[in-house]
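Following: one structure in structure tokens, then a few remarks.
We count residues from 1, following the sequence as given. The structure presented is a predicted model; accordingly, all values stated were derived computationally and were not measured.
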Amino acid sequence: MNHQEQLFDVAVIGGGPAGLSAGVALARALRSVIVIDAGGQRNLPAEGVHGFLTREGMSPRELLAAGREELAEYGGEAIAGEVKSATRDGDNFVLSLDDGTTCTARRLLITSGIQDELPDLPGVADRWGRDVLYCPYCHGWEIRNQKVGVLASDAHAVLHALTFRQWSPDVTLLLNGELALSPGQSEQLDARSVKVIEGRVRGLVSQDDKLTAVTLDDGSAVPLEVLVVSPETVSKANMLQALGLEPDDLEEGPGHAPGDGRIGAHVLPGSLGRRQCHRRFRPGHDCGGCRAEGCRRH
């Protein structure tokens with residue numbers, strides 16, 4: 001049956017691992033479910049997934065393909081498309097897709113996730129997901145014992161640098177004109193032998209498709225093999241603004257996610273937001289946040 005002709009129990013907006021996992025669970029519960037995927041998952045630049053039991057090193061695209069196949073085995077449907085808007089029709093939701101078609105469902109599950117807005121620094125976007133990284137728990141094993149530089153954008157950079165010190169004895173905090181260290185912070189960094197560079201970073205240097213250094217505004221270079229950055233995270237659920245859901249600023253660091261200003265709350269009956277890294281990573285905590293009425297933390 002064409003998806004325009006069916007009333008689904010649940011429409012899942014976002015076909016990454018969270019959306020596909022939810023789709024499989026719903027299909028196994030004998031719910032009619034459609035997963036609508038616009039692509040562009042934030043981990044696609046990575047060579048492989050890490051820390052995912054039984055799937056170590058699998059490419060993100062292979063993981064998504066396996067998820068879609070599993071969903072289909074239980075009668076769930078996955079389609080490619082971008083939801084441009086969502087409106088109410090009585091008790092149901094009508095989703096308008098970028099190909100001009102529509103989809104109607106009794107409930108919405110929002111797993112569209114976020115996108116990373118990288119620092120405006122030459123070379124960062126080209127190397128993102130390879131030797132320009134963010135999460136130590138995702139990539140720490142792969143970059144262990146390498147020369148790591150942490151590019152400061154706010155005070156969280158201190159904790160970020162201290163965390164990466166677990167994986168490498170050679171960590172440098174690049175203040176980049178964004179951070180003035182307190183005496184206590186300086187003492188912490190010194191105790192862990194984290195070097196501190198005060199100049200502003202102007203660009204990346206690579207050789208043989210590997211990062212070798214960053215350049216500073218005084219013309220000097222800092223040898224590095226890995227650069228850690230803190231991208232701004234922006235919600236990909238803008239299509240819900242027509243329903244009255246506006247993005248909130250994140251509690252930790254720059255970025256925003258859909259919500260109404262209260263942790264764990266949507267003001268829209270019938271909609272749920274599944275945990276999909278809506279908060280910025282803070283070392284020592286999980287990488288996710290949930291902003292949905294009645295949504296369990298998984």
Side-chain angles (χ1 to χ4, degrees), residues 11-22 35-50 52 59-61 63-64 67-68 78-86 95-99 108-139 151 153-154 156 160 227-243 245-259 266 271-282 286-292 295:
V12 181
I13 303 177
L20 290 169
S21 296
V35 177
I36 306 170
D37 183 27
Q41 283 76 21
R42 66 192 300 232
N43 69 338
L44 290 182
E47 292 182 359
V49 298
H50 302 296
F52 193 157
S59 79
R61 287 179 173 80
L63 180 64
L64 295 178
R68 288 190 289 267
I79 63 172
E82 180 181 357
V83 177
K84 305 300 289 186
S85 67
L95 308 179
S96 297
L97 278 59
D98 56 351
D99 63 359
L108 293 185
L109 181 58
I110 304 149
T111 64
S112 51
I114 57 177
Q115 63 185 17
D116 295 306
E117 293 192 351
L118 298 172
D120 185 16
L121 188 65
V124 164
D126 293 338
R127 310 212 62 80
W128 177 240
R130 296 189 289 165
D131 42 28
V132 175
L133 308 171
Y134 172 58
C135 174
Y137 297 100
C138 301
H139 298 283
L151 183 68
S153 59
D154 56 34
H156 290 94
H160 222 169
L227 180 65
V228 177
V229 301
S230 295
E232 182 173 343
T233 53
V234 179
S235 169
K236 295 166 65 176
N238 292 334
M239 80 293 291
L240 300 178
Q241 292 180 1
L243 293 169
L245 289 176
E246 297 292 339
D248 285 340
D249 291 336
L250 299 185
E251 291 181 320
E252 302 155 4
H256 62 261
H266 270 336
S271 69
L272 295 176
R274 186 178 172 105
R275 175 185 188 170
Q276 177 110 339
C277 292
H278 279 168
R279 285 189 307 181
R280 233 170 55 142
F281 167 79
R282 184 171 63 178
D286 62 24
C287 289
C290 177
R291 295 172 178 266
C295 180

* Spacing of OH belonging to Tyr134 relative to NE2 belonging to His160, to within rounding of 0.5 Å -> 5.5 Å
* Among all residues two or more places apart in sequence or in another chain, which pass the side-chain hydrogen bond (donor to acceptor under 3.5 Å, both in side chains) test with Asp120? -> none
* Under 4.5 Å between any side-chain heavy atoms of Leu63 and Pro17, yes or no? -> yes
* Asked: Looking at CD1 of Ile13 and CD1 of Ile36, how far apart are the two atoms once the value is rounded to the nearest 0.5 Å?
  -> 6.0 Å
* Asked: From Glu82 CD over to Ser96 OG, what is the distance, rounded to the nearest 0.5 angstrom?
  -> 12.0 Å
* Structure fact -> Across all chains, not counting sequence neighbours, the side-chain hydrogen bond (donor to acceptor under 3.5 Å, both in side chains) partners of Asp116 are Arg42
* Which atom names give the shortest non-hydrogen contact between Ala86 and Leu95, and what distance separates them? -> CB-CD2, 3.5 Å
* **Set of side chain to side chain contact (heavy atoms under 4.5 Å, CB included) partners for Arg68, sequence neighbours left out** => Leu20, Asp37, Leu64, Ala65, Ala78
* Test side chain to side chain contact (heavy atoms under 4.5 Å, CB included) applied to Glu117 - qualifying residues, sequence neighbours left out -> Gln115, Glu232, Val234
* Considering the options Cys135, Pro60, Cys138, which one meets the side chain to side chain contact (heavy atoms under 4.5 Å, CB included) requirement together with Asn43? -> Pro60
Just distance, no hydrogens or angles: give the donor-acceptor pairs under 3.5 Å from side chains in residues 125-132, sequence neighbours left out.
{"unit_1": "Arg127", "atom_1": "NE", "unit_2": "Asp131", "atom_2": "OD1", "d": "2.7"}
{"unit_1": "Arg127", "atom_1": "NE", "unit_2": "Asp131", "atom_2": "OD2", "d": "3.2"}
{"unit_1": "Arg127", "atom_1": "NH1", "unit_2": "Asp209", "atom_2": "OD1", "d": "3.2"}
{"unit_1": "Arg127", "atom_1": "NH2", "unit_2": "Asp131", "atom_2": "OD2", "d": "3.1"}
{"unit_1": "Arg127", "atom_1": "NH2", "unit_2": "Asp209", "atom_2": "O", "d": "2.6"}
{"unit_1": "Arg130", "atom_1": "NH1", "unit_2": "Asp209", "atom_2": "OD1", "d": "3.2"}
{"unit_1": "Arg130", "atom_1": "NH1", "unit_2": "Asp209", "atom_2": "OD2", "d": "2.9"}
{"unit_1": "Arg130", "atom_1": "NH2", "unit_2": "Asp126", "atom_2": "O", "d": "2.8"}
{"unit_1": "Asp131", "atom_1": "OD2", "unit_2": "Leu211", "atom_2": "N", "d": "3.0"}

* Roughly how far apart are Lys236 NZ and Ile110 CD1, rounded to 0.5 Å? -> 14.0 Å
* List the atom of Val229, the atom of Pro119, and the distance in Å for their closest heavy-atom pair. => CB-CG, 4.0 Å
* State, with a plain yes or no, whether a side-chain heavy atom of Leu151 is found less than 4.5 Å away from one of Leu121. => yes
* To do: Indicate the atoms forming the closest heavy-atom contact of Leu109 with Ala22, along with that distance.
  => CD2-CB, 3.3 Å
